[in-house]
Amino acid sequence: MAGAIALLSCVAPAQAEDGYELWLRYRPLSPSYTDELAAVAPTLMVDAPSSMTIDAATGELRRAFAVWLDRPLPIADNGAGLLLCRVDRPCAEALPEAAGKAPALPGAFRIDRLNGGRVIISARDDIGLLYGSFALLRQIQQQAPLAELPQADAPRVAIRMLDHWDNVDGSVERGYAGRSIFQWWRLPGYVDPRLTDYARANASIGINAVAVNNVNAPATFLTPRFIAKTAALADTLRPYGIRVFLSARFSAPRDLGGLATADPLDPDVQRWWRAKADEIYAAIPDFGGFLVKANSEGQPGPQDYGRTHADGANMLARAVGQRGVVIWRAFVYDPDPAVERTMQAYNAFQPLDGQFDANVVVQVKNGPLDFQPREPVSPLFGAMPHTQLGLELQITKEYLGFSTHLAYLAPLFEEALDTGGLGKDGRATLAEVVAGGPTSLIAGVANIGADRNWSGSHFDQANWYAFGRLAWNSALSSDAIAREWAAQTFAPDPPLVDAVAAMMMPSRQTLVDYMTPLGLAHLMGSDHHYGPAPWVDDLARPDWNPVYYHRADAEGIGFDRTATGSNALAQYRAPLAKHYADQRDPALPWLLWFHRKRWDDRLSTGRTVWDELVTRYDRGVAGVDAMAARWDGLRGQVDARRHGEVAALLAVQQAEARWWRDASIAYFQSLSKRPLPAGHAAPAHSLDWYRAQRFPEAPGI
Ligand code: GCV
């Protein structure tokens, strides 16, 4: 009977699914592939000292193989089956010469097939065996030919981290997938079993660190009650190789400790933090360290006492000592709003290069502004050679349509990681700047919540997945990641995988086209960042207003950041500055970010700036329509529930892409006074109508 069910589910993918299992679905495979698999893995043998991480690895292998083989995978003391081998054990004699030799960050592994038969996963550490197990399962889920299993892999970056912006009350800042998964109120007594699934998912893509609370942090998270709660989380995540971090409020010595100051040079303050770190390490021996947002958007920091970011970071780093790291965010505002917004972080941090302790990582957002649909990279990546810089990406789509728009972010991440002209000699890519040492870091602001499907939409799971895969290995291509995700998430059926990848790959550019074409940025509604509001001009700081960024008027549009304007370009090293300054076709994505143009200036496309803008808005709308049509064509090939949920969100996106296009054109046309180019329709409503829209229910504030 079980066999009949297995066969059925191979041929009828229309079984209802809710997305909870993410990419770890382990559905039955084709009968011929299953036969081959049964021949190479009749049993599982483990040659490694017992540990919770080894148990996690064997548990995951047995969970998957039980489905594939339609019987439990027996654990054997010897034999010819699948072997998990720690290279300091006798099993290593069977391994190829290279195994365990190359120095690498923890987590490196090999998968070998000996004499064309037995599959061996080997590693120097337990976490490598867990990662190797997940890599094997990933290959099998895609029905990769068994001859293609052998591989050697190692992470390029030591700390591959999710930053949760989760609050004490269970809400999530910029969260679009429900409440916090951490359920603070029930901790530490009750740990939701879901957190083990969360840990499995993270480990399967190499994520090994988690900041569990919002960077806008109250000191509450440093109280004994919350340390106990965090310790319970750490216990659950530890078997999967995940260390917890806490966002720390810089003023905690005052807020909790009753001190009169939080001045980092004050001895009492330093003692308070050392005692606090000791208290945390007593409860969580592998605590990762602190993540800090200081002197930014109202958060306290060392500048409140006339001290520098380095003074603040080093004081905390000394409290943590050798036991962990301090991740200090470079997302800051200059107190003087007259300084051009995109230059502020560089101005604040570049002069501090070389002043940070060895266990401080300065975490820099990918762009100099704030997670826009497209930004140039932050110039800091080319300007702090004596500082360990970490990269911060945003997985939750604060500025990219929340969880209702389909936008696959791997191309955005890849574009940033592959940007060259950085590092100390101006010849490194961003990926190279951040890779390497024991405190190398790539962090992503999580898009995870208590929604059944974790991310608010099925396709947003791909952004979590792609983040982990690229943090592990930035050389992977977005397309390859989309394909392996689609095969595991839907089915390893090549035409289906082709169709899903073809939807995903252009989706971010499509969104750029209908929201922020040609290098425009920060045009979203105030506070919630939902929908278009390019007209907003009344917020307290000039650099909070969309009009500050697009600078459109009767004459033209765009921000002159060249030498005739703010000269932000000068913060980049020469080759990259030259690339960004280019105004010809491949560089058009940056055009209005760096240049101010007249409406009638002619571009390398042959169109005027005005006509090009309108053309791109319409290209974006057409792109969403194409995506929806492609998905419609997959009806019956994807289970009905997930198909219907994705289709419903694509319909929302179709409507909202039109809204973005129409509202933006209505506004810019009120300034340009130019007619729409032939063949492009007028906006559906008046500009006043768009300006009057209000969304008190929009999430994320
Ligand atoms: C956590 C942006 C977001 C804020 C966020 C901030 C940051 O401004 O809108 O919600 O705060 O970035 O990264 O600190």
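Just so you know, these numbers come straight off a predicted model, no measurement behind them. As the structure lists them, so they are numbered: ligands from 1, and atoms in each ligand from 1.
- When all heavy atoms of Arg243 and Arg323 are compared, the closest pair comes out as NH2-O, 3.1 Å.
- Some N or O of Arg174 is nearer than 3.5 Å to an N or O of ligand 1, by distance alone.
- Counting all heavy atoms, side chain and backbone alike, Pro373 lies closest to Tyr399 at CG-O, 3.5 Å.
- In this structure, Arg307 is not positioned above the aromatic face of Tyr305 in the sense of NZ or CZ being under 6.0 Å from the six-membered ring centre and within 45° of the axis.
- With ligand atoms numbered from 1 in the order given, ligand 1 contributes 9 (O) to contacts under 4.0 Å with heavy atoms of His529.
- Residues passing the side chain to side chain donor-acceptor pair (under 3.5 Å) test with Asn359, sequence neighbours excluded: none.
- Of all the heavy atoms of Trp165, the ones lying under 4.0 Å from any atom of ligand 1 belong exclusively to the side chain.
- Side-chain contact annotation: Ser251 with Arg249, donor-acceptor N/O pair under 3.5 Å present.
- Ser296 is linked by a side chain to side chain donor-acceptor pair (under 3.5 Å) to nothing, counting only residues two or more places apart in sequence or in another chain.
- For ligand 1, one of its N or O atoms has an N or O atom of Arg329 under 3.5 Å away.
- Within the 4.0 Å heavy-atom shell around ligand 1 one finds Lys365.
- Residue Asn216 approaches ligand 1 through these ligand atoms, each under 4.0 Å from one of its heavy atoms: 1 (C), 11 (O).
- Looking at Val445 against ligand 1, nothing comes within 4.0 Å, counting heavy atoms.
- Residue-ligand proximity, Asn214 to ligand 1, at heavy-atom distances under 4.0 Å covers atoms 1 (C).
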